[in-house]
Asks: 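My structure is below; once you've seen it, I'll send some questions.
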Amino acid sequence: MKAIVRDVPDSFVHCVTDAPDGHTIDLALARRQHAQYIEALESLGIDIVRLPADERFPDCVFTEDSAVVVGDDVIACNMRDSPGRDGEQGPVLDALADKRIHRIQAPASIDGGDVLRWQDDIFVGQSRRTNAAAVEQMRAALPDHRIHPVPVHDTLHLKTCATIAGGRLLLVADGHVDTALLPELPVFTVPVEERHGANCMNIGGAVMLPDDCPATARRVRDEGLDVVTVPMSEFRKADGSLTCLSIRV
Ligand code: CIR
């Protein structure tokens with residue numbers, strides 16, 4: 001497996017964010033945390049495809065939003081409703097050029113952070129960033145998958161508040177999404193003070209979590225899964241989560 005990541009631009013301090021501490025981003029610390037994220041992926045056997053930052057796009061470190069990879073198909077996200085982000089996708093799509101690219105077109109809008117895949121089912125958050133027209137275009141592009149729209153409230157993306165740990169456990173943050181999303185999976189509602197722990201990453205048999213979510217980490221370990229933690233404070237100030245920082249292929 002490989003992961004497409006992108007360096008942190010100096011302009012990251014001007015990222016789009018609703019976080020109250022968004023203006024306090026420490027750029028040097030963000031870069032150290034980004035390096036730790038990459039090291040964690042490498043330690044789990046992932047090959048890193050590292051793209052240079054583009055200063056014109058403060059949020060370009062969040063590669064996940066540019067594209068969704070489903071086997072040999074790629075949904076190229078247009079990020080139409082993400083302020084100032086449409087335009088940063090180019091190098092990410094170039095890194096995926098060996099696949100079939102399906103470009104989402106207006107009036108659709110989609111960010112990759114709204115797409116959660118579970119086997120042949122793909123859940124698409126209906127958020128401030130992603131709309132019903134995007135669901136229709138994804139259905140046309142991926143006829144072998146079931147595409148389900150999922151209302152998302154008071155948070156950025158579907159995966160900000162719901163991800164699947166190790167294929168065994170749905171992690172959710174309360175109050176943003178219907179927790180009966182995947183009836184076949186047990187649900188762990190993360191404690192309020194660990195709401196960012198609802199966004200985990202699965203790498204091989206391990207689950208990556210932010211380093212300040214002890215109850216969530218305990219629950220994931222109880223499933224018999226290994227947990228790897230990384231610091232995320234500076235990306236959280238940008239409304240970013242673990243999954244946002246890479247595309248796994
Ligand atoms: C934004 O608002 O677009 C960025 N500051 C954060 C994007 C985070 N991406 C993600 O959750 N997939």
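For ligands, and for the atoms within them, numbers begin at 1 and follow the listed sequence. Residues: numbered from 1 along the sequence shown.
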Asks: Which protein residues have a heavy atom under 4.0 Å from ligand 1?
Replies: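 Within 4.0 Å of ligand 1, the protein residues are Val16, Asp59, Phe62, Glu64, Asp65, Arg85, Gly113, Arg129, Leu156, His157, Ala238, Asp239, Gly240, Cys244.
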Asks: Do Val152 and Trp118 land in one hydrophobic cluster if side-chain heavy atoms of ILVMFWY residues count as linked below 4.5 Å?
Replies: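 In one cluster with Val152: Trp118, yes.
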Asks: Only pairs at least two apart or in different chains count here, so list each ring pair (Phe, Tyr, Trp, His ring centres under 6.0 Å) that has a residue in residues 68-112.
Replies: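 Found none.
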Asks: Name the residue from Asp18, Asp154, Asp81, Asp239 that meets the salt bridge (Lys or Arg N to Asp or Glu O under 4.0 Å) definition with Arg128.
Replies: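 Answer to the salt bridge (Lys or Arg N to Asp or Glu O under 4.0 Å) test with Arg128 among Asp18, Asp154, Asp81, Asp239: Asp18.
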Asks: Looking at Arg31 and Asp10, is there a salt bridge between them, counting it only when a charged N and a carboxylate O are closer than 4.0 Å?
Replies: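 A salt bridge is present here (some side-chain N lies under 4.0 Å from a carboxylate O).
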Asks: Would you be so kind as to tabulate the donor-acceptor pairs closer than 3.5 Å made by side chains of residues 36-46, with sequence neighbours excluded?
Replies:
{"unit_1": "Tyr37", "atom_1": "OH", "unit_2": "Leu242", "atom_2": "O", "d": "2.9"}
{"unit_1": "Tyr37", "atom_1": "OH", "unit_2": "Ser246", "atom_2": "OG", "d": "2.7"}
{"unit_1": "Ser43", "atom_1": "OG", "unit_2": "Ala40", "atom_2": "O", "d": "2.7"}

Asks: Kindly list each side-chain donor-acceptor pair under 3.5 angstrom involving residues 64-72, sequence neighbours excluded, with atom names and distances?
Replies:
{"unit_1": "Glu64", "atom_1": "OE1", "unit_2": "Thr243", "atom_2": "OG1", "d": "3.2"}
{"unit_1": "Glu64", "atom_1": "OE2", "unit_2": "Lys159", "atom_2": "NZ", "d": "2.8"}
{"unit_1": "Glu64", "atom_1": "OE2", "unit_2": "Thr243", "atom_2": "OG1", "d": "3.3"}
{"unit_1": "Asp65", "atom_1": "OD1", "unit_2": "Gly113", "atom_2": "N", "d": "2.9"}
{"unit_1": "Asp65", "atom_1": "OD2", "unit_2": "Arg85", "atom_2": "NH1", "d": "2.8"}

